[in-house]
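In the text below, chain A, chain B and the rest are named by the order of the sequence lines, each starting its count at 1.
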2 protein chains.
Amino acid sequence: MSPAPFAHLPCPVAHALDVLGERWSLLILRDALTGVRRFADFERSLGIAKNILSARLKSLVENGVLERRPSKSDAREVEYRLTDKGRDLVTVVVALAQWGARWESPAGTAPRFFNRHTGAQLALLQLRDVDGALLRLSDIGYEAPSAAASAAA
Amino acid sequence: MSPAPFAHLPCPVAHALDVLGERWSLLILRDALTGVRRFADFERSLGIAKNILSARLKSLVENGVLERRPSKSDAREVEYRLTDKGRDLVTVVVALAQWGARWESPAGTAPRFFNRHTGAQLALLQLRDVDGALLRLSDIGYEAPSAAASAAA
DNA sequence: CAGTATCCCTCAAGATACTG
DNA sequence: CAGTATCTTGAGGGATACTG
């Protein structure tokens, strides 16, 4: 996200991308969400260079998505664990995974998230109204900040 | 996505990011999902340089996410419209928006998606089992391709 | 309006060597 | 194991001028 951060754009997607927009960030997050915690494991799992991994982990820690701390079992080891903020990204990662599996991965080759108690697949993420009704894209509007906060006041 | 594409990684998130991982792609998608169709409108809305916008639109068209075609109302104008594949990204964009609004945007300043018939907010995207039960992160497993396809066969 | 054509610059990313 | 230190590269991105 070097040249010009998106922070000035009045858009939560932009703000999210200022934290996650770099090439490796969401993949690191995917690993973290599936239980990876150690530097060397991220490295192996992703095939990422050490310096890049180091930089990305640092930025994710700075942004409060991961927490860095010594392992409980062995104080010499370091663990990167998800914060609540990081854990909350599971919908983003799963949404990407579901889209990727459907449209970009050769059928049957993609790993999948599943319910570890039953083995069942996750339901597709879908847009719903607060009352639970399914929404189509055409039902959805996007409310500018001025129209929302300002006009409401 | 220059140096080394993620295509070789056995991960649908990686494959999705090969299409969407560049800085502007998801923001362009957000615009497209909220009805933006013309080059100049993307340009104004995002404050993106023309050459970059041109390149991103081209790549999104190549990847089947957008479709480029003359406007129906004025054949001299060009429109970029979402394909089904592109429309299917709404969950990704909304997931990012919800996360960004919650964790990165100053309270109340972020635009929001809403039900345009009722004005109600969208429900938070949440992970559910096929039967509709809410799932927590700890309930979720991630199944490697070998363990899935190979072992199943 | 919807782009192309240039030029420039920075930084993400890669490779490798080294350290506590 | 978990990084830091360097060096290099090449693409992504920005600005501006120009065109059908």
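Listed nucleotides: C:dA12, C:dA2, C:dA15. Nearest to the side chain of B:Val78: C:dA2. The side chain of A:Ile52 lies closest to C:dG14 when the candidates are C:dG14, D:dA2, D:dG14. Distances from the side chain of B:Arg56 to the nucleotides D:dG13, D:dG3, C:dC1 place D:dG13 closest.
When the side-chain nitrogen and oxygen atoms of B:Lys58 are compared with OP1 and OP2 of C:dT4, one or more of them lie within a distance under 4.0 Å. B:Trp24 has a side-chain polar atom (N or O) that falls below the 4.0 Å cut-off from OP1 or OP2 of D:dG14. Proximity of B:Tyr80 to the phosphate of C:dG3: a side-chain N or O atom is located under 4.0 Å from OP1 or OP2. Close to C:dA12, at under 4.0 Å from its OP1 or OP2, lies no side-chain N or O of B:Arg23. Side-chain nitrogen and oxygen atoms of A:Ser54 include none within less than 4.0 Å of the OP1 or OP2 phosphate oxygen of D:dG3. Not one side-chain nitrogen or oxygen of A:Arg68 sits closer than 4.0 Å to the OP1 or OP2 atom of D:dA2.
Counting only N and O atoms by type, the side chains of B:Arg112 and A:Tyr142 include no donor and acceptor under 3.5 Å apart. The closest side-chain donor-acceptor pair between B:Asn115 and A:Asp129 falls under 3.5 angstrom.
As judged by a 4.0 angstrom heavy-atom cut-off over every strand, A:Arg38 is placed among residues touching the sugar-phosphate backbone only.
Taking CG from B:Leu66 and CG from B:Leu29, the interatomic distance works out to 6.0 Å, rounded to the nearest 0.5 Å.
Atom pair B:Asn51:CG and D:dA15:C1' shows a separation of 8 Å (rounding to whole Å applied). As a whole-Å value, the separation of B:Asp18 CG from D:dG12 C1' is 15 Å. The CZ-C1' distance, from B:Arg76 to C:dA2, rounds to 12 Å in whole Å. Residue A:Asp41 contributes atom CG, which lies 14 Å from atom C1' of D:dG3 at whole-angstrom precision. Protein atom CG of A:Leu46 is 18 Å distant from nucleotide atom P of C:dA12, rounded to whole Å. Rounded to an integer number of Å, the gap from B:Leu57 CG to C:dC1 C1' is 14 Å. To the nearest angstrom, C1' of D:dG13 lies 13 Å from CD of A:Glu22. Nucleotide C:dA17 holds its C1' atom 11 Å from the NZ atom of A:Lys50, rounded to whole Å.
A:Arg38 and A:Glu77 are joined by a salt bridge, as a carboxylate oxygen and a charged side-chain nitrogen come within less than 4.0 angstrom of each other.
Centroid-to-centroid, the aromatic rings of B:Trp24 and A:Phe6 come within less than 6.0 Å.
Base pairing of C:dT16: its partner is D:dA5, meeting the Watson-Crick or G-U wobble criterion (both donor-acceptor distances under 3.5 Å).
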